[in-house]
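The structure appears below as structure tokens.
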There are 2 protein chains.
Amino acid sequence: MRRMTARPANAHQARLLRLLRDGGPNSRAQLGDQVDLSRSKLAVEVDRLLETGLVVADGLAASRGGRRSHNIRLAPELRFLGVDIGATSIDVAVTNAELEVLGHLNQPMDVREGPVAVFEQVLAMAAKLRASGLAEGFDGAGIGVPGPVRFPEGVPVAPPIMPGWDGFPVREALSQDLGCPVMVDNDVNLMAMGEQHAGVARSVGDFLCVKIGTGIGCGIVVGGEVYRGTTGSAGDIGHIQVEPDGRACACGNKGCLEAHFSGAALARDAEDAAREGRSPELAARLEAAGRLTAADVAAAAAAGDAAALDLIREGGNRVGQVIAGLVSFFNPGLVVIGGGVTGLGHNLLASVRTQVYRQSLPLATGNLPIVLGELGPTAGVIGAARLISDHLFSPA
Amino acid sequence: MRRMTARPANAHQARLLRLLRDGGPNSRAQLGDQVDLSRSKLAVEVDRLLETGLVVADGLAASRGGRRSHNIRLAPELRFLGVDIGATSIDVAVTNAELEVLGHLNQPMDVREGPVAVFEQVLAMAAKLRASGLAEGFDGAGIGVPGPVRFPEGVPVAPPIMPGWDGFPVREALSQDLGCPVMVDNDVNLMAMGEQHAGVARSVGDFLCVKIGTGIGCGIVVGGEVYRGTTGSAGDIGHIQVEPDGRACACGNKGCLEAHFSGAALARDAEDAAREGRSPELAARLEAAGRLTAADVAAAAAAGDAAALDLIREGGNRVGQVIAGLVSFFNPGLVVIGGGVTGLGHNLLASVRTQVYRQSLPLATGNLPIVLGELGPTAGVIGAARLISDHLFSPA
DNA sequence: CGTCTTTGTCCTGGGTGTGGAGAAAGTTGG
DNA sequence: CCAACTTTCTCCACACCCAGGACAAAGACG
């Protein structure tokens, strides 16, 4: 099959493509209501898009009281690939042009095995999705990596937890392998874009998306656009100090947030609690599995284990303390919490909220929802698809 | 004299006006080099601007190797008023259209005396400037207040240190009194805009501007634009907690940054040190003046007083701790420190830098200048003038 | 003083968008 | 089943805008 070759020729066409992506199939008349173009101009631009094959006619729309309008939709055979490289696992998904997930694979893998091994795995997963008939090829791919990225070039820079990736030309390499345009970003930014597109952050202009997984990061959205900072490391809140002379962190400092609370820190604390006999629930689980994860703590807490609840509460306080500061500084309209620890759910949320509402000023917290992400592991891959579609659906 | 009535009719004209504002008088040919318009189109737009009187011809430019070009400049009789209401003083200045300060007045006054008294004072100062022949009237005014502002309406919202100002229609009232367009913003944002326009932050897209005066606030600039947050309280970092169970703060919480270090806190600490006999220098000054200010601490430190130096160092550490967190989060390209305490100078700067460079990751700090603002008290008024000129020099 | 470069002005031709007229396609109510 | 009204779509004429060429003006340079 021939893949997408055309690109929108002007801002109007780009606008139309995004409307169709975000709003699904739409009648010409409805499009006209949204874009402030004369009827003639709109007809011309739509016709041109039809010619390029980016959009197709899709039957007749329901009548609005007069002649029925023709429906327009994005070409149904367009396919985007969304890749989310986590610290310990890989998610790969195929979406259509409306960014609906058609197929999703997850595979445990340690990012420290290096870019070559990880790429091999990603390509195998992409091939598997293709083989299952979901796609005959990809029109674009977005990929998220767990570390800072020089965004324009799509290259990781000085990533702390990804030895071997520094300077690796992710964008270039993946583009070669897949034969389609590729964009690279930080995984946290993609999660934010995912929640913005299809999750809790729809229609919020300025928000924060805190991802607590193996590490801790924060996606920052300003006026609907991801903010990446001067060197691409914005949102790197895992190494904010929460305790003077606190625990030693892998980064060389002491008292970093990540050292005190994160997927990794929580697992270690849980194992300590189990070994020291403070928690029968956790001890039993440690006995059974040989090691503990955030999910075990969540389960123990659900079973009423006091030590597990304490761990969650204390972690929530720590994160809440940092978020409170960020809320004062950034004054967001929403705070989304996601990542591996969302399993800790409302216990975690409650202590975060307590901390934030207590420490920040009423003007900033007055109407500030603090919620869990609603997309879970698909947030990242949807965000990745959104990233590349934003790129492709922009004027050439 | 007739004041500015016209506004740029389109984006091109707005662009030209801003170029003339930021770059001073310019030849038509030089303008052409900067705007990517055809010669004919440029000529038309410039002619229209000349017709409106917003710009005037200004002699011949130096030759660039051929026929000499005609110079163009903003109308020399245009005047903006910049007002900066601080917690304890008022600054008012007149600028020309290029935002050069032509006259500047400063008057001590407590903002808590309320909007009516303050406005009376501001109008008196404006009248004085006008009477001195610097202006026959004002084409626009910008005003900064020490608290959060609902920006579109120009109304303070829930300002902690400005009782009586909540909901007062600052924009509307001042516009009535002066008979010209007015824009209102937080004083910290204006300082950021001032340093961006004429100070250390020229040509930096993303930066932070920390103002340490009676309180502490932070201007946030993203992509050259001031970021104000969802409710206008972004940058309100004075109430970030720096010490669990620390000093009681006026806001009702404990351990706020402002309670531990700010102009007010520093003065109190200095008086304590003087009374407790820890500092002969400060004691002498307290004896002489009856009370102490940040300036006294600066002077004592310059004289080598150990207690004063300690106060500055400790304060710098506190602020540095918070800034380190913000740097990790925001990844700015520059941090500017200004406000009343800039007199503490390099002692303060040194301890802030130490803290930031130690606590934040190298990728964020690698090329991060942390500097003092270079405009001092004029930053605010220049920023105010810039605010209104940005508004007026935008398409109607 | 002649030639070259730069700048400013005029003009024309092409492209583009607006909005009206009218046809096509449906709905609604009698 | 028909008439009147709505909505949608297409076609077209007109106005507008703008790019770029031609040319004149003004100065630099040798």
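Just so it is clear: chains get the letters A, B, ... in the order the sequence lines come, proteins before strands, and each one is counted from 1.
- Taken residue by residue, residues 13-36 of chain A places heavy atoms nearer than 4.0 Å to DNA chain D at A:Arg28, A:Ala29.
- For B:Arg67 against C:dT7, a side-chain N or O and a base N or O form a donor-acceptor pair under 3.5 Å.
- Here the side chain of B:Ser63 is nearest to one of D:dA28, C:dT7, D:dG21, namely D:dA28.
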Let's go through A:Arg28 and A:Asp47 carefully: what are the C-alpha distance in whole Å and the side-chain angles of both, what is the deciding distance for salt bridge (Lys or Arg N to Asp or Glu O under 4.0 Å) to 0.1 Å, and is it a yes or a no? CA-CA 11 Å; A:Arg28 292 165 99 106; A:Asp47 285 346; 3.0 Å; yes
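- For A:Leu60 and C:dA24, the CG to P distance is 17 Å, given to the nearest whole Å.
- Between A:Phe80 and A:Phe393, the two ring planes are perpendicular [angle over 60°; tilted spans 30° to 60°].
- For A:Arg68 against C:dA25, a side-chain-to-base donor-acceptor contact under 3.5 Å is absent.
- In the set C:dT9, C:dT18, C:dG20, C:dG20 carries the atom at the smallest distance from any side-chain atom of A:Arg39.
- Across all strands, A:Ser69 comes closer than 4.0 Å only to sugar-phosphate atoms, never to a base (heavy-atom distances).
- Every residue meeting the salt bridge (charged side-chain N to carboxylate O under 4.0 Å, His left out) condition with B:Asp390, not counting sequence neighbours, appears here in chain and number order: B:Arg18, B:Arg21, B:Arg386.
- More than 12 heavy atoms of other residues, nucleotides or ligands sit less than 6.0 Å from atom CG of B:Asp33.
- For DNA chain D, the residues of residues 40-47 of chain B within the heavy-atom distance limit of 4.0 Å (strictly under) are B:Ser40, B:Lys41, sorted by number.
- Residue whose closest nucleotide on DNA chain C sits further toward the 5' end, between B:Gly65 and B:His70: B:Gly65.
- Each of B:Leu42, B:Val44, B:Leu49 was evaluated against B:Val46; a single residue qualifies, B:Leu42, per the side-chain contact (heavy atoms from CB on, under 4.5 Å) test.
- The CG atom of B:Leu20 sits 5.0 Å away from atom CG of B:Leu31, with the distance rounded to the nearest 0.5 Å.
- Here A:Leu78 contributes atom CG and A:Glu98 contributes atom CD; the two are 9.0 Å apart, rounded to the nearest 0.5 Å.
- Under the 4.0 Å criterion applied to side-chain N and carboxylate O atoms, B:Arg48 and B:Glu45 are assigned as salt-bridge partners.
- One atom, CG of A:Asn10, and another, P of C:dG15, lie 16 Å apart when rounded to the nearest Å.
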